[in-house]
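Written below as structure tokens is the structure these notes are about.
For the numbers below, each heavy atom of this structure counts, side chains included, while hydrogens, waters and symmetry mates do not.
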Amino acid sequence: MNKTVEKIVVSEEGIEVISMSEGVKSITQLSLEPEENELQNILERYNLSSINNYSFDINIVRALADSEEQLRNYLETCKKLNSLNK
């Protein structure tokens with residue numbers, strides 16, 4: 001299944017993820033508080049668990065959890081930005 005996140009809206013009420021999968025648009029609501037071990041589980045699912053040496057937004061990682069390519073692209077961008085800021 002090819003899922004593409006089109007928009008992420010983070011507000012005081014929660015996180016709204018607008019995505020497209022096989023021509024069907026969907027909206028998913030996430031709470032602001034991640035579940036226990038949620039970040040670790042997401043990173044392990046895509047063999048990214050060694051990523052702890054640079055900062056990234058956990059809300060964006062959670063929103064991109066079902067889109068491996070977009071998640072990897074986001075984390076790679078964060079890695080590059082962190083190396084530029086050092």
Side-chain angles (χ1 to χ4, degrees):
M1 180 188 320
N2 187 16
K3 184 174 186 176
T4 303
V5 175
E6 295 184 341
K7 187 175 183 179
I8 301 169
V9 179
V10 180
S11 67
E12 291 179 5
E13 292 80 36
I15 304 164
E16 190 172 89
V17 182
I18 302 166
S19 59
M20 182 73 76
S21 178
E22 298 180 11
V24 178
K25 188 175 269 191
S26 65
I27 300 174
T28 305
Q29 301 247 338
L30 304 172
S31 70
L32 287 175
E33 290 297 318
E35 295 178 14
E36 186 176 340
N37 298 323
E38 183 177 5
L39 177 61
Q40 180 182 353
N41 292 339
I42 292 167
L43 296 177
E44 284 178 359
R45 181 184 330 159
Y46 300 117
N47 198 25
L48 299 168
S49 56
S50 63
I51 299 175
N52 291 323
N53 56 348
Y54 56 88
S55 61
F56 51 83
D57 187 319
I58 187 171
N59 293 325
I60 294 175
V61 170
R62 291 174 63 219
L64 295 175
D66 291 331
S67 179
E68 181 179 4
E69 182 179 353
Q70 287 180 299
L71 176 59
R72 287 182 179 278
N73 289 340
Y74 169 71
L75 292 172
E76 186 62 34
T77 300
C78 290
K79 182 178 180 179
K80 288 177 184 175
L81 288 173
N82 279 278
S83 67
L84 290 175
N85 291 331
K86 289 185 177 182

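Scanning all heavy atoms of the two residues, the minimum distance from Ala63 to Ile8 falls at CB-CD1, 3.6 Å.
Summarising the geometry, atom CG belonging to Leu43 is positioned 6.5 Å from atom CG belonging to Leu75; distances are rounded to the nearest 0.5 Å. The CD atom of Gln70 sits 5.5 Å away from atom CG of Leu64, with the distance rounded to the nearest 0.5 Å. Rounding to the nearest 0.5 Å gives a distance of 7.0 Å between CD1 of Ile60 and SG of Cys78. Taking CG of Leu32 as the start and CD1 of Ile58 as the end, the distance is 11.0 Å to the nearest 0.5 Å. Within the model, atoms OG1 of Thr28 and CD1 of Ile15 stand 11.5 Å from one another, a figure rounded to the nearest 0.5 Å.
Tyr46 contributes no side-chain N or O that, together with a main-chain N or O of Leu71, makes up a donor-acceptor pair within less than 3.5 Å.
Among residue pairs with one or both ends in residues 6-20, those qualifying as salt bridge (charged side-chain N to carboxylate O under 4.0 Å, His left out) are Glu6-Lys25; sequence neighbours excluded. Residue pairs that meet the side chain to side chain donor-acceptor pair (under 3.5 Å) test with at least one member in residues 71-80, sequence neighbours left out, are Glu68-Arg72.
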Report all side-chain donor-acceptor pairs from residues 33-40 shorter than 3.5 Å, counting only partners two or more places apart or in another chain.
{"unit_1": "Glu38", "atom_1": "OE1", "unit_2": "Glu35", "atom_2": "N", "d": "2.9"}
{"unit_1": "Glu38", "atom_1": "OE1", "unit_2": "Arg62", "atom_2": "NE", "d": "3.0"}
{"unit_1": "Glu38", "atom_1": "OE2", "unit_2": "Arg62", "atom_2": "NE", "d": "3.2"}
{"unit_1": "Gln40", "atom_1": "NE2", "unit_2": "Glu44", "atom_2": "OE2", "d": "3.0"}

| request: Let me see the working for Ile27 and Val17 under side-chain contact (heavy atoms from CB on, under 4.5 Å), right down to the final yes or no. | output: CA-CA 6 Å; Ile27 300 174; Val17 182; over 6 Å; no
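Side-chain contact, Asp66 with Ser19: no donor N or O sits under 3.5 Å from an acceptor N or O.
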